[in-house]
Amino acid sequence: GGACGCRTHWDVPGAAARVLFATSIGHVLPTVARTATALDLDVSSTPHLVDVLDPRNGRGTDRLFQRLARELTAAEAEAFWTLHGGIFYYGVRKVVYGFDCPIGKEQMIANAVAASEAGAIVLNHTSVRGLLLEEGQARGATIHDELSGQTITARARVVVSATGPWSDEIRKLDAPKDGPQGPAVRGSKGVHVAVPRARLPTPDDTALTVLSGVDGRVMFILPAEHHTLIGTTETVTHAHPSEVRASVADVDYLLASANGFFPDAKLVREDVVSAWAGIRPLVASAYGDGGANSASREHAIRKSPSGVLAISGGKLTTFRVMASDMVNAVQKTLGVSRTKALTGTLPLPGGEFSSFADEVAAARAEVGRDDTARHLVRAYGRRWRLVWDLTRERPELAEPLAPGLPYLRAEALHGVTHEFVHTLDDLLVRRLKVAFETRDLGRAAARVAAADVAPLLGWSPEDVERQLADYSRHMERLFGIDPT
């Protein structure tokens, strides 16, 4: 999730369609929004009717959300929290209960897999070094393979740049030297921290939406198996996307905000398992006087003088709407009739099932462990069987990659054969979440995984040690906490 936003905000047009798609390889997640103005208020005065984050406010008019998201009465709120372990915030004044959808690494990888299965050529670890210009129009790009060192030229009738916080780097390749050089995007840094679930015990499968007592920002406290995620910050940054990291001030802000709603938790820096940062690529023109926190999350598509279609802004949770809009722009550029987008009904690979609970039950019958079954179905949908089948010939692959976590050694092999994994970073950071959920940032798991995937990737013993050293160095870059 990082700084892209892990939940669909109710002011996003078309949110109902994204709920339907997100459940195709995940599940609907109840959300509870609460606000507090003082921490010494009596809990008995707490829940009453409220319109916090209610879809009827602002532009959020999706009928699905109007049915799902609603206000809770005091009796309902108390019953809800009793059902979920009796957790109550001190000083809570308002409550609204609704549904939302987790968007994470699983959906992003499933999109790449879907594209490949639809006939697209998907390249990992490649970078654009230049545009191929003919008579002033972009007709392709020069692409460098960072793993092999090979450089190739790819030709195309239309060139699309959907490069997020790297948008301006591509724009520089396209812009005339004497043309305007103002930024198309402005970076907003968002930080999350993970703490042990035992230190901040949130209700199962329930996200909490809160307003920080520090500055009033909307924040989320999210369940993540054995951990609880707290986020996010919002600060303007000029850091390069590959170098942005959390700072001590970021971590302290998130802990203080969480402690304001869970005063008994008394979270301290030592509770933090990991901290990471990402950059929201907000449209530069969307910035107002309020800075990053008030900047619009809407996306924009622009066509450069050379014909490059560039999309910027938006959020992770609106990626299907963004893709649909871009396909429409491509069809217009090609001069072909616009076709109706299938994205609202097309399930992602593995999402061809109607009941998450039934699929988990089927996995549990095969796997024998509830946490592993739920993890496999959440990560792979119906395709969890492809992972588990690997354990039939090699039972040791059913062992966990990291003690206490549900990730299996079989997933490392599956990542190489089905999900474009080429490095340990690919596997433990961008496919699984091991790096985020272990205090050693996945270093011990990396050694286990390296031994398993080395034959598939053709790694020699020297290659394995080099990969492990690279992984350790990259973890420090991603998860190290800056002093300022």
Side-chain angles (χ1 to χ4, degrees), residues 1-9 29-36 39 52-53 81 84-85 87-92 100 102-105 188-235 237 244-280 292-293 315-317 405 429 433-439 441 478-482:
C4 296
C6 296
R7 298 294 177 267
T8 304
H9 287 279
L29 188 70
T31 61
V32 176
R34 294 182 158 204
T35 63
L39 297 180
V52 177
L53 294 184
W81 290 109
H84 289 284
I87 299 175
F88 249 115
Y89 302 155
Y90 295 94
V92 176
D100 211 341
I103 304 292
K105 302 174 188 301
S188 167
K189 185 177 77 168
V191 173
H192 288 78
V193 297
V195 300
R197 190 81 173 273
R199 292 289 292 115
L200 192 56
T202 53
D204 289 336
D205 291 333
T206 301
L208 308 179
T209 304
V210 302
L211 298 184
S212 170
V214 177
D215 58 4
R217 284 198 66 252
V218 174
M219 292 177 50
F220 300 99
I221 297 177
L222 312 170
E225 300 294 344
H226 300 289
H227 298 83
T228 297
L229 307 186
I230 307 169
T232 177
T233 63
E234 179 123 42
T235 53
T237 182
V244 65
R245 301 197 303 183
S247 69
V248 170
D250 294 326
V251 172
D252 288 346
Y253 166 83
L254 294 174
L255 296 180
S257 298
N259 283 333
F261 277 86
F262 291 90
D264 290 341
K266 297 181 174 61
L267 295 171
V268 295
R269 293 177 188 173
E270 288 71 24
D271 290 313
V272 175
V273 175
S274 62
W276 63 95
I279 294 181
R280 302 176 186 87
N293 195 38
K315 291 169 59 65
L316 176 61
T317 43
L405 297 180
V429 178
K433 303 172 185 175
V434 177
F436 297 85
E437 298 178 0
T438 51
R439 290 190 178 276
L441 306 177
L478 289 172
F479 295 100
I481 299 176
D482 292 332

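We're numbering straight along the sequence, starting at 1.
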| field | For R439, salt bridge (Lys or Arg N to Asp or Glu O under 4.0 Å) partners two or more places apart | value |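 R439: no salt bridge (Lys or Arg N to Asp or Glu O under 4.0 Å) contacts found.
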| query | What residues, two or more places apart in sequence or in another chain, satisfy salt bridge (Lys or Arg N to Asp or Glu O under 4.0 Å) together with D482? | reply |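 Checked D482 against salt bridge (Lys or Arg N to Asp or Glu O under 4.0 Å); matches are R245.
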Minimum heavy-atom separation for [X] and [Y], please, with both atom names.
X: L254; Y: G231; result: CD2-CA, 3.9 Å
X: A224; Y: L229; result: CB-CG, 3.9 Å
X: A435; Y: S274; result: O-CB, 4.4 Å
X: I221; Y: L200; result: CG2-CD2, 3.9 Å
X: L441; Y: V273; result: CD2-O, 4.3 Å

Please answer whether the main-chain N or O of [Y] pairs with a side-chain N or O of [X] as donor and acceptor at a distance below 3.5 Å.
X: T232; Y: V191; value: yes
X: R197; Y: P223; value: no
X: R199; Y: H227; value: no

With sequence neighbours excluded, residues passing side-chain contact (heavy atoms from CB on, under 4.5 Å) with [X]:
X: A256; answer: V214
X: V248; answer: D252, R269, I481
X: L478; answer: V429, M475

Can you tell me how far the [atom1] atom of [X] sits from the [atom2] atom of [Y], to the nearest 0.5 Å?
X: S212; Y: R217; atom1: OG; atom2: CZ; answer: 8.0 Å
X: K189; Y: R280; atom1: NZ; atom2: CZ; answer: 11.0 Å
X: F262; Y: T228; atom1: CZ; atom2: OG1; answer: 8.0 Å
X: L222; Y: L208; atom1: CG; atom2: CG; answer: 8.0 Å

| request: Test Y253 against every option in D215, T235, T233 by the side chain to side chain donor-acceptor pair (under 3.5 Å) rule and name the one that passes. | output: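 Single side chain to side chain donor-acceptor pair (under 3.5 Å) partner of Y253 among D215, T235, T233: D215.
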| field | L211 vs V218, side-chain contact (heavy atoms from CB on, under 4.5 Å): CA-CA, chis, key distance, verdict | value | CA-CA 5 Å; L211 298 184; V218 174; 3.4 Å; yes
| request: Go through the steps to decide whether D271 and V193 satisfy the test side-chain contact (heavy atoms from CB on, under 4.5 Å), and finish with yes or no. | output: CA-CA 10 Å; D271 290 313; V193 297; over 6 Å; no
| query | Taking only residues two or more places apart in sequence, or in another chain, which ones meet F479 in a ring-ring contact (aromatic ring centres under 6.0 Å, His included)? | reply |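 Listed in chain order: F436.
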